[in-house]
Amino acid sequence: MKFTVGHLINKGGTLRWASSLANRARGGFRLHRLIPVPIATTASFLLPHPSATWKRFFFLRLVSWLCLFNFLTEKMAVLGFVHMAFQAAREWHGIQQFPAATQTKLIELLAKLKQENVSTLTILVMGKGGVGKSSTVNSILGERVATVSAFQSEGLRPIICSRARAGFILNIIDTPGIVEGGYVNEQAIGIIKRFLLNKTIDVLLYVDRLDAYRMDTLDKQVLNDITGIFGKRIWNRALVVLTHAQLSPPDGLNYDDFVERRSQALLKYVRLGARITKLEYQKIDIPVVLVENSGRCKTNNNGEKILPNGVAWIPSLVETIINVVISGGESIRVDQKLIDGPNPNNRGKLFIPLILAFQYFFLVKSIQRAIRNDVMNENKPLWERPVERFDDE
(Lines give C-alpha, C1' and ligand atoms only; values in the text may rest on other atoms or scores of the structure.)
Protein backbone atom coordinates (compact mmCIF):
# COMPACT_ATOMS: atom_id res chain seq x y z
CA MET A 1 0.00 0.00 0.00
CA LYS A 2 1.34 3.42 -0.92
CA PHE A 3 2.33 5.46 2.15
CA THR A 4 0.97 8.99 1.76
CA VAL A 5 0.40 11.98 3.97
CA GLY A 6 -3.26 11.04 4.13
CA HIS A 7 -2.38 7.98 6.19
CA LEU A 8 -0.75 10.24 8.76
CA ILE A 9 -4.05 11.98 9.46
CA ASN A 10 -6.19 9.73 11.59
CA LYS A 11 -9.92 9.51 11.43
CA GLY A 12 -10.49 11.95 14.31
CA GLY A 13 -8.29 14.66 12.82
CA THR A 14 -5.98 14.70 15.84
CA LEU A 15 -2.67 15.19 14.02
CA ARG A 16 -1.49 17.17 11.06
CA TRP A 17 1.86 16.86 9.40
CA ALA A 18 3.29 20.29 8.45
CA SER A 19 6.01 19.09 6.12
CA SER A 20 6.02 16.67 3.24
CA LEU A 21 7.42 13.17 3.32
CA ALA A 22 10.45 14.52 1.52
CA ASN A 23 11.73 15.53 4.95
CA ARG A 24 12.36 11.85 5.64
CA ALA A 25 14.87 11.76 2.83
CA ARG A 26 16.60 14.87 4.21
CA GLY A 27 17.31 13.44 7.60
CA GLY A 28 14.23 11.86 9.12
CA PHE A 29 11.21 13.33 10.85
CA ARG A 30 11.45 16.82 12.25
CA LEU A 31 9.23 17.20 15.25
CA HIS A 32 9.48 20.99 15.25
CA ARG A 33 7.66 20.99 11.92
CA LEU A 34 4.62 19.30 13.43
CA ILE A 35 1.61 21.51 14.03
CA PRO A 36 -0.51 20.05 16.82
CA VAL A 37 -4.23 20.74 16.98
CA PRO A 38 -6.64 20.17 19.85
CA ILE A 39 -7.01 16.44 20.39
CA ALA A 40 -10.55 15.17 20.36
CA THR A 41 -11.45 12.81 23.16
CA THR A 42 -13.05 10.30 20.87
CA ALA A 43 -12.67 6.63 20.32
CA SER A 44 -10.85 7.35 17.06
CA PHE A 45 -7.92 8.73 19.08
CA LEU A 46 -7.77 5.75 21.38
CA LEU A 47 -8.09 3.06 18.71
CA PRO A 48 -6.09 2.62 15.50
CA HIS A 49 -7.59 2.84 12.07
CA PRO A 50 -8.43 -0.65 10.74
CA SER A 51 -5.96 -0.24 7.86
CA ALA A 52 -3.13 0.97 10.11
CA THR A 53 -0.59 -1.32 11.69
CA TRP A 54 0.03 -1.33 15.43
CA LYS A 55 3.57 0.01 14.98
CA ARG A 56 2.33 2.94 12.98
CA PHE A 57 -0.46 3.49 15.48
CA PHE A 58 1.85 3.71 18.50
CA PHE A 59 4.35 5.84 16.58
CA LEU A 60 1.67 8.35 15.60
CA ARG A 61 0.26 8.50 19.13
CA LEU A 62 3.73 9.11 20.57
CA VAL A 63 4.39 11.90 18.10
CA SER A 64 0.99 13.45 18.77
CA TRP A 65 1.62 13.54 22.52
CA LEU A 66 5.02 15.11 21.96
CA CYS A 67 3.39 17.74 19.76
CA LEU A 68 0.71 18.36 22.38
CA PHE A 69 3.38 18.85 25.05
CA ASN A 70 5.25 21.29 22.81
CA PHE A 71 2.00 23.12 22.04
CA LEU A 72 1.04 23.47 25.71
CA THR A 73 4.56 24.57 26.62
CA GLU A 74 4.42 27.44 24.15
CA LYS A 75 0.98 28.50 25.38
CA MET A 76 2.11 28.41 29.01
CA ALA A 77 5.16 30.49 28.13
CA VAL A 78 2.94 33.11 26.51
CA LEU A 79 0.75 33.22 29.61
CA GLY A 80 3.75 33.61 31.87
CA PHE A 81 3.65 30.18 33.48
CA VAL A 82 7.02 29.29 32.03
CA HIS A 83 9.55 31.87 33.13
CA MET A 84 12.72 32.41 31.17
CA ALA A 85 12.75 29.09 29.32
CA PHE A 86 12.29 26.87 32.39
CA GLN A 87 15.43 28.26 34.05
CA ALA A 88 14.93 28.68 37.78
CA ALA A 89 17.01 31.32 39.50
CA ARG A 90 19.80 29.84 41.59
CA GLU A 91 21.19 31.46 44.67
CA TRP A 92 23.84 34.02 43.75
CA HIS A 93 26.84 32.49 45.50
CA GLY A 94 29.26 34.14 43.07
CA ILE A 95 28.84 37.48 44.84
CA GLN A 96 30.83 36.04 47.73
CA GLN A 97 33.87 35.74 45.43
CA PHE A 98 34.16 39.53 45.21
CA PRO A 99 36.20 41.57 47.69
CA ALA A 100 34.29 42.86 50.72
CA ALA A 101 34.21 46.41 49.37
CA THR A 102 32.69 45.22 46.08
CA GLN A 103 30.12 43.06 47.88
CA THR A 104 29.03 45.99 50.03
CA LYS A 105 28.65 48.24 47.03
CA LEU A 106 26.67 45.65 45.04
CA ILE A 107 24.29 44.99 47.95
CA GLU A 108 23.69 48.74 48.28
CA LEU A 109 22.94 49.00 44.56
CA LEU A 110 20.48 46.08 44.68
CA ALA A 111 18.75 47.71 47.65
CA LYS A 112 18.47 50.90 45.59
CA LEU A 113 16.62 48.95 42.90
CA LYS A 114 14.26 47.37 45.42
CA GLN A 115 13.41 50.85 46.70
CA GLU A 116 12.22 51.56 43.15
CA ASN A 117 9.98 48.46 43.33
CA VAL A 118 12.25 46.59 40.91
CA SER A 119 12.69 42.97 41.98
CA THR A 120 13.84 41.49 38.64
CA LEU A 121 16.51 42.78 36.30
CA THR A 122 17.13 41.27 32.86
CA ILE A 123 20.32 42.28 31.03
CA LEU A 124 20.85 41.48 27.35
CA VAL A 125 24.47 41.32 26.14
CA MET A 126 25.04 41.75 22.39
CA GLY A 127 27.89 42.58 20.04
CA LYS A 128 30.31 41.12 17.57
CA GLY A 129 32.15 37.88 18.24
CA GLY A 130 35.39 37.87 20.21
CA VAL A 131 34.83 41.20 21.95
CA GLY A 132 34.44 39.76 25.48
CA LYS A 133 30.67 39.36 25.94
CA SER A 134 30.84 36.03 27.77
CA SER A 135 33.82 37.11 29.86
CA THR A 136 31.90 40.19 30.95
CA VAL A 137 28.93 38.01 31.99
CA ASN A 138 31.25 35.83 34.06
CA SER A 139 32.82 38.89 35.69
CA ILE A 140 29.46 40.40 36.65
CA LEU A 141 28.24 37.19 38.27
CA GLY A 142 31.59 36.27 39.83
CA GLU A 143 31.40 32.73 38.46
CA ARG A 144 32.06 30.89 35.22
CA VAL A 145 28.63 30.46 33.65
CA ALA A 146 29.55 31.07 30.01
CA THR A 147 32.23 29.11 28.20
CA VAL A 148 35.16 31.25 27.09
CA SER A 149 37.92 29.97 24.83
CA ALA A 150 40.40 31.81 22.66
CA PHE A 151 40.67 28.82 20.31
CA GLN A 152 36.99 27.91 19.96
CA SER A 153 34.22 29.71 18.13
CA GLU A 154 31.11 30.85 19.95
CA GLY A 155 27.99 28.71 20.09
CA LEU A 156 24.94 29.62 18.05
CA ARG A 157 22.43 29.54 20.90
CA PRO A 158 22.04 32.27 23.52
CA ILE A 159 22.22 31.29 27.18
CA ILE A 160 20.43 32.81 30.15
CA CYS A 161 21.90 32.87 33.65
CA SER A 162 19.51 33.59 36.53
CA ARG A 163 20.68 34.34 40.06
CA ALA A 164 18.69 35.28 43.18
CA ARG A 165 19.84 37.30 46.16
CA ALA A 166 17.69 38.55 49.05
CA GLY A 167 14.50 38.37 46.99
CA PHE A 168 16.10 39.99 43.94
CA ILE A 169 16.48 38.07 40.65
CA LEU A 170 19.20 38.93 38.15
CA ASN A 171 18.91 37.50 34.62
CA ILE A 172 21.76 37.92 32.14
CA ILE A 173 21.31 36.78 28.53
CA ASP A 174 24.54 36.09 26.68
CA THR A 175 24.11 36.01 22.90
CA PRO A 176 26.40 34.67 20.15
CA GLY A 177 28.40 37.05 18.02
CA ILE A 178 26.34 38.37 15.12
CA VAL A 179 29.30 38.74 12.78
CA GLU A 180 30.89 35.77 11.04
CA GLY A 181 33.44 35.83 8.25
CA GLY A 182 33.20 39.58 7.87
CA TYR A 183 29.42 39.52 7.38
CA VAL A 184 26.40 39.78 9.64
CA ASN A 185 25.21 36.28 10.53
CA GLU A 186 21.49 36.30 9.73
CA GLN A 187 21.11 32.81 11.20
CA ALA A 188 22.41 34.01 14.58
CA ILE A 189 20.04 37.00 14.47
CA GLY A 190 17.09 34.70 13.77
CA ILE A 191 18.05 32.43 16.68
CA ILE A 192 18.38 35.41 19.02
CA LYS A 193 14.95 36.70 17.97
CA ARG A 194 13.25 33.38 18.68
CA PHE A 195 15.04 33.04 22.01
CA LEU A 196 13.98 36.50 23.19
CA LEU A 197 10.33 36.03 22.25
CA ASN A 198 7.99 36.87 25.16
CA LYS A 199 10.86 38.12 27.34
CA THR A 200 11.31 41.57 28.84
CA ILE A 201 14.64 43.36 28.37
CA ASP A 202 15.55 45.93 31.00
CA VAL A 203 19.06 46.85 29.82
CA LEU A 204 21.09 46.28 26.66
CA LEU A 205 24.86 46.00 26.95
CA TYR A 206 26.46 46.62 23.57
CA VAL A 207 29.98 45.24 23.91
CA ASP A 208 33.01 46.21 21.83
CA ARG A 209 36.76 46.45 22.36
CA LEU A 210 38.55 49.57 23.51
CA ASP A 211 41.63 48.59 21.50
CA ALA A 212 39.65 48.44 18.21
CA TYR A 213 40.87 51.64 16.65
CA ARG A 214 38.74 51.69 13.51
CA MET A 215 35.02 51.64 12.77
CA ASP A 216 33.60 50.52 9.43
CA THR A 217 30.32 49.80 7.68
CA LEU A 218 30.12 46.39 9.37
CA ASP A 219 29.74 48.07 12.77
CA LYS A 220 27.04 50.26 11.31
CA GLN A 221 25.20 47.21 9.95
CA VAL A 222 25.40 45.42 13.30
CA LEU A 223 23.90 48.41 15.11
CA ASN A 224 21.26 48.70 12.39
CA ASP A 225 20.23 45.06 12.88
CA ILE A 226 19.98 45.49 16.66
CA THR A 227 17.76 48.52 16.12
CA GLY A 228 15.71 46.52 13.62
CA ILE A 229 14.93 43.94 16.32
CA PHE A 230 13.96 46.26 19.19
CA GLY A 231 13.38 49.66 17.62
CA LYS A 232 15.10 52.94 18.43
CA ARG A 233 13.80 53.02 21.99
CA ILE A 234 16.18 50.21 22.97
CA TRP A 235 18.95 52.83 23.06
CA ASN A 236 17.13 54.59 25.90
CA ARG A 237 17.87 51.42 27.84
CA ALA A 238 21.38 50.76 26.57
CA LEU A 239 24.98 51.36 27.51
CA VAL A 240 28.22 50.72 25.66
CA VAL A 241 30.78 48.42 27.29
CA LEU A 242 34.38 48.63 26.07
CA THR A 243 36.50 45.63 27.04
CA HIS A 244 40.30 45.17 27.07
CA ALA A 245 40.58 48.47 28.92
CA GLN A 246 43.97 47.64 30.47
CA LEU A 247 46.05 49.13 27.66
CA SER A 248 48.58 51.80 26.91
CA PRO A 249 47.19 54.38 24.47
CA PRO A 250 49.03 54.71 21.15
CA ASP A 251 51.05 57.71 20.04
CA GLY A 252 51.62 58.85 23.60
CA LEU A 253 48.00 59.89 24.10
CA ASN A 254 46.60 60.43 27.56
CA TYR A 255 44.45 57.48 28.69
CA ASP A 256 41.33 59.57 29.32
CA ASP A 257 41.72 61.39 25.99
CA PHE A 258 42.04 58.10 24.13
CA VAL A 259 38.95 56.69 25.86
CA GLU A 260 36.99 59.83 24.98
CA ARG A 261 37.94 59.64 21.29
CA ARG A 262 37.14 55.93 21.06
CA SER A 263 33.80 56.44 22.83
CA GLN A 264 32.74 59.32 20.61
CA ALA A 265 33.66 57.38 17.45
CA LEU A 266 31.56 54.41 18.57
CA LEU A 267 28.61 56.55 19.67
CA LYS A 268 28.66 58.27 16.28
CA TYR A 269 28.22 54.89 14.59
CA VAL A 270 25.47 54.02 17.07
CA ARG A 271 23.59 57.12 15.93
CA LEU A 272 24.18 56.33 12.25
CA GLY A 273 23.45 52.61 12.49
CA ALA A 274 20.32 53.13 14.60
CA ARG A 275 19.14 55.93 12.26
CA ILE A 276 18.79 58.32 15.20
CA THR A 277 18.39 61.95 14.20
CA LYS A 278 20.48 64.65 15.82
CA LEU A 279 17.42 65.94 17.66
CA GLU A 280 16.61 62.47 19.00
CA TYR A 281 20.25 61.86 19.89
CA GLN A 282 20.30 64.95 22.10
CA LYS A 283 17.56 63.35 24.21
CA ILE A 284 19.39 60.00 24.49
CA ASP A 285 22.27 59.64 26.92
CA ILE A 286 24.17 56.41 26.18
CA PRO A 287 26.83 55.91 28.87
CA VAL A 288 30.16 54.21 28.13
CA VAL A 289 31.73 51.86 30.69
CA LEU A 290 35.22 50.35 30.61
CA VAL A 291 35.84 46.69 31.48
CA GLU A 292 38.93 44.53 31.94
CA ASN A 293 38.13 40.83 32.31
CA SER A 294 41.65 39.38 32.13
CA GLY A 295 43.68 38.21 35.10
CA ARG A 296 46.27 40.92 34.50
CA CYS A 297 43.84 43.59 35.67
CA LYS A 298 45.36 45.60 38.52
CA THR A 299 43.75 45.77 41.95
CA ASN A 300 43.57 48.45 44.63
CA ASN A 301 44.25 48.11 48.34
CA ASN A 302 40.78 46.58 48.87
CA GLY A 303 41.45 43.86 46.28
CA GLU A 304 39.02 45.36 43.74
CA LYS A 305 39.85 45.23 40.03
CA ILE A 306 40.66 48.71 38.82
CA LEU A 307 41.29 50.41 35.47
CA PRO A 308 44.36 52.51 34.62
CA ASN A 309 42.43 55.58 35.81
CA GLY A 310 41.93 53.97 39.24
CA VAL A 311 38.19 53.21 38.92
CA ALA A 312 36.91 49.90 40.37
CA TRP A 313 35.09 48.80 37.23
CA ILE A 314 32.69 46.08 38.50
CA PRO A 315 30.79 48.38 40.93
CA SER A 316 30.98 51.15 38.31
CA LEU A 317 29.41 48.92 35.65
CA VAL A 318 26.60 47.72 37.95
CA GLU A 319 25.91 51.26 39.14
CA THR A 320 25.65 52.51 35.55
CA ILE A 321 23.25 49.66 34.70
CA ILE A 322 21.02 50.55 37.64
CA ASN A 323 21.03 54.25 36.74
CA VAL A 324 19.91 53.34 33.21
CA VAL A 325 17.11 51.18 34.62
CA ILE A 326 15.87 53.95 36.89
CA SER A 327 16.03 56.80 34.36
CA GLY A 328 15.87 55.04 30.98
CA GLY A 329 12.12 54.79 30.40
CA GLU A 330 10.11 51.60 30.02
CA SER A 331 11.52 48.12 29.56
CA ILE A 332 11.29 46.43 26.17
CA ARG A 333 8.77 43.60 25.88
CA VAL A 334 9.81 41.37 22.97
CA ASP A 335 6.66 40.11 21.25
CA GLN A 336 6.00 38.72 17.79
CA LYS A 337 4.94 42.10 16.45
CA LEU A 338 8.19 43.69 17.62
CA ILE A 339 10.27 40.93 16.01
CA ASP A 340 8.38 41.05 12.71
CA GLY A 341 8.68 44.83 12.54
CA PRO A 342 6.32 47.16 10.70
CA ASN A 343 4.32 45.72 7.83
CA PRO A 344 5.82 47.10 4.60
CA ASN A 345 2.40 46.85 2.96
CA ASN A 346 1.11 49.51 5.36
CA ARG A 347 3.85 51.97 4.46
CA GLY A 348 2.49 55.01 2.63
CA LYS A 349 -1.16 53.94 2.75
CA LEU A 350 -2.24 57.42 3.78
CA PHE A 351 -0.86 58.85 0.54
CA ILE A 352 -2.87 56.52 -1.72
CA PRO A 353 -6.03 58.73 -1.85
CA LEU A 354 -3.89 61.79 -2.62
CA ILE A 355 -2.06 59.97 -5.38
CA LEU A 356 -5.32 58.73 -6.89
CA ALA A 357 -6.83 62.24 -6.78
CA PHE A 358 -3.72 63.67 -8.42
CA GLN A 359 -3.83 61.05 -11.15
CA TYR A 360 -7.54 61.66 -11.81
CA PHE A 361 -7.52 65.45 -11.97
CA PHE A 362 -4.12 66.03 -13.56
CA LEU A 363 -3.55 62.94 -15.68
CA VAL A 364 -6.85 61.25 -16.49
CA LYS A 365 -8.69 64.51 -17.09
CA SER A 366 -5.96 65.91 -19.33
CA ILE A 367 -5.84 62.68 -21.33
CA GLN A 368 -9.63 62.73 -21.77
CA ARG A 369 -9.54 66.36 -23.00
CA ALA A 370 -6.77 65.52 -25.46
CA ILE A 371 -8.78 62.60 -26.84
CA ARG A 372 -11.90 64.77 -27.31
CA ASN A 373 -9.90 67.46 -29.08
CA ASP A 374 -8.35 64.88 -31.42
CA VAL A 375 -11.77 63.51 -32.27
CA MET A 376 -13.18 66.94 -33.01
CA ASN A 377 -10.22 68.06 -35.13
CA GLU A 378 -9.88 64.83 -37.05
CA ASN A 379 -10.11 65.14 -40.90
CA LYS A 380 -12.75 62.61 -41.79
CA PRO A 381 -13.31 61.32 -45.38
CA LEU A 382 -16.39 62.46 -47.34
CA TRP A 383 -18.39 59.30 -46.78
CA GLU A 384 -18.04 59.66 -42.98
CA ARG A 385 -19.07 63.31 -42.88
CA PRO A 386 -22.71 64.15 -42.10
CA VAL A 387 -24.94 64.67 -45.15
CA GLU A 388 -25.82 68.28 -45.82
CA ARG A 389 -29.43 68.85 -46.97
CA PHE A 390 -30.54 71.86 -49.06
CA ASP A 391 -34.20 72.95 -49.35
CA ASP A 392 -35.66 73.34 -52.91
CA GLU A 393 -36.30 76.89 -53.85
Side-chain angles (χ1 to χ4, degrees), residues 90-113 121 123 125 127 130-152 154 159 161-166 168 170-172 174 203 205-213 239-263 266 286-325:
R90 295 166 48 189
E91 188 67 22
W92 189 6
H93 297 294
I95 194 174
Q96 302 174 1
Q97 306 299 322
F98 296 120
T102 302
Q103 293 186 39
T104 303
K105 184 64 174 178
L106 293 180
I107 293 174
E108 292 177 356
L109 293 173
L110 295 182
K112 183 179 179 181
L113 270 184
L121 177 63
I123 303 173
V125 183
V131 296
K133 299 186 301 299
S134 299
S135 299
T136 303
V137 172
N138 293 339
S139 297
I140 294 175
L141 294 177
E143 51 185 300
R144 189 182 180 87
V145 295
T147 304
V148 179
S149 176
F151 306 99
Q152 186 177 359
E154 298 179 343
I159 62 171
C161 307
S162 299
R163 297 294 182 267
R165 183 75 177 184
F168 183 85
L170 174 63
N171 303 306
I172 303 182
D174 185 21
V203 179
L205 301 188
Y206 180 75
V207 184
D208 205 341
R209 296 175 62 122
L210 179 62
D211 56 357
Y213 303 113
L239 62 149
V240 173
V241 176
L242 295 177
T243 61
H244 298 78
Q246 191 81 30
L247 57 78
S248 298
D251 302 329
L253 289 175
N254 179 271
Y255 184 81
D256 293 333
D257 292 339
F258 173 76
V259 171
E260 179 67 18
R261 291 187 183 184
R262 176 72 175 100
S263 301
L266 182 55
I286 305 177
V288 179
V289 184
L290 303 181
V291 166
E292 178 54 62
N293 296 303
S294 67
R296 62 188 179 91
C297 185
K298 296 180 180 180
T299 58
N300 58 15
N301 295 331
N302 295 325
E304 298 178 292
K305 292 183 176 181
I306 60 174
L307 301 171
N309 55 9
V311 176
W313 69 264
I314 292 181
S316 175
L317 173 61
V318 176
E319 183 177 11
T320 306
I321 291 174
I322 291 177
N323 291 335
V324 170
V325 171

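Nothing here was measured: the structure is a model prediction, and the numbers come from that model. In this chain, numbering begins with 1 at the start of the sequence shown.
With sequence neighbours excluded, the residues that form a side chain to side chain donor-acceptor pair (under 3.5 Å) with E260 are Q264. The side chain to side chain contact (heavy atoms under 4.5 Å, CB included) test applied to N301 returns no partner, not counting sequence neighbours. Judged as a side chain to side chain contact (heavy atoms under 4.5 Å, CB included), and not counting sequence neighbours, the contacts of S263 are L242, V259, V288. Applying the side chain to side chain donor-acceptor pair (under 3.5 Å) criterion to N293, with sequence neighbours excluded, gives T136, S139. Residues meeting the side chain to side chain contact (heavy atoms under 4.5 Å, CB included) test with E108, sequence neighbours left out: T104, K105. A search for ring-ring contact (aromatic ring centres under 6.0 Å, His included) contacts involving F258 returns Y213, not counting sequence neighbours. Remark: T243 pairs with no residue by the side chain to side chain donor-acceptor pair (under 3.5 Å) rule, at least two apart or across chains. Looking at residues two or more places apart in sequence or on another chain, you find a salt bridge (Lys or Arg N to Asp or Glu O under 4.0 Å) between D208 and R262. Residues satisfying the salt bridge (Lys or Arg N to Asp or Glu O under 4.0 Å) criterion with D211, sequence neighbours excluded, are R209. Residues satisfying the side chain to side chain donor-acceptor pair (under 3.5 Å) criterion with K112, sequence neighbours excluded, are N323. Considering only residues two or more places apart in sequence or on other chains, V318 meets the side chain to side chain contact (heavy atoms under 4.5 Å, CB included) condition with L106, L109, I322.
Side-chain atoms of N138 come within 3.5 Å of backbone atoms of V145 as a donor-acceptor pair (strictly under, hydrogens ignored). For R296 (side chain) and Q246 (main-chain N/O), a donor-acceptor pair under 3.5 Å exists by modelled atom type.
Heavy-atom minimum distance, F98 versus L141: CZ-C, 4.1 Å. Contact record, W92 with E143: CD1-OE2, 3.9 Å, taken as the closest heavy-atom pair. Summarising the geometry of A245 relative to L290, their closest heavy-atom pair is CB-CB, 3.9 Å, with the distance given to 0.1 Å.
Within the 4.5 Å cutoff, no side-chain heavy atoms of E91 are placed close to those of R163.
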Distance-only donor-acceptor pairs under 3.5 Å for side chains of residues 302-314, two or more places apart:
residue	atom	partner	partner atom	Å
E304	OE1	N300	ND2	3.3
E304	OE2	T102	N	3.4
E304	OE2	T102	OG1	2.9
N309	OD1	V311	N	3.2
W313	NE1	E292	O	3.2

